[in-house]
Amino acid sequence: MQNSEIKIYKTSDGKTSIEVSLENDTVWLNQYQLEELFSTNRTSINKHILNIYKSGELDES
């Protein structure tokens, strides 16, 4: 992810905002960034990721 940058921050009205630089039209976020972006916890993020693999939508490898 060279030359890519992701910024997640709270706006003055308390909403979460995300600022990204794209690399080949792909945005990469780790579980902590997803947690902040969606105002949830890592357990929920992990559950959704596992369901994506289980459903075959994405291959885990």
Side-chain angles (χ1 to χ4, degrees):
M1 284 187 46
Q2 296 175 351
N3 300 323
S4 294
E5 188 173 338
I6 300 170
K7 294 180 183 178
I8 300 175
Y9 58 94
K10 296 274 186 196
T11 59
S12 58
D13 61 1
K15 294 182 180 177
T16 299
S17 182
I18 183 169
E19 183 178 315
V20 300
S21 297
L22 297 176
E23 180 181 313
N24 299 323
D25 297 325
T26 301
V27 175
W28 294 94
L29 300 174
N30 64 36
Q31 288 182 10
Y32 296 103
Q33 292 166 320
L34 290 168
E35 172 185 44
E36 180 68 23
L37 178 63
F38 293 109
S39 300
T40 188
N41 58 50
R42 283 188 52 239
T43 302
S44 295
I45 298 296
N46 193 45
K47 177 183 173 185
H48 286 288
I49 291 169
L50 292 174
N51 284 335
I52 289 168
Y53 295 144
K54 185 177 180 181
S55 72
E57 183 177 345
L58 288 176
D59 183 7
E60 191 170 355
S61 60

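It should be emphasised that the depicted structure is a prediction, and the values quoted were computed from it without experimental measurement. Index from 1, following the sequence.
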Test salt bridge (charged side-chain N to carboxylate O under 4.0 Å, His left out) applied to Lys10 - qualifying residues, sequence neighbours left out = Glu36
Only counting residues at least two apart or in another chain, list the ones meeting side chain to side chain contact (heavy atoms under 4.5 Å, CB included) with Glu35.
-> Tyr32, Asn41, Arg42
Show me the donor-acceptor pairs, under 3.5 Å and distance only, between side chains in residues 45-53 and residues at least two apart or in other chains.
unit_1 : atom_1 : unit_2 : atom_2 : d
Asn51  : ND2    : Lys47  : O      : 3.4

Could you note down all residue pairs passing salt bridge (Lys or Arg N to Asp or Glu O under 4.0 Å) where residues 48-60 supplies at least one of them, sequence neighbours left out?
-> none
State which residues pass side chain to side chain donor-acceptor pair (under 3.5 Å) with Thr11; sequence neighbours excluded, sorted by chain then number.
-> Asp13
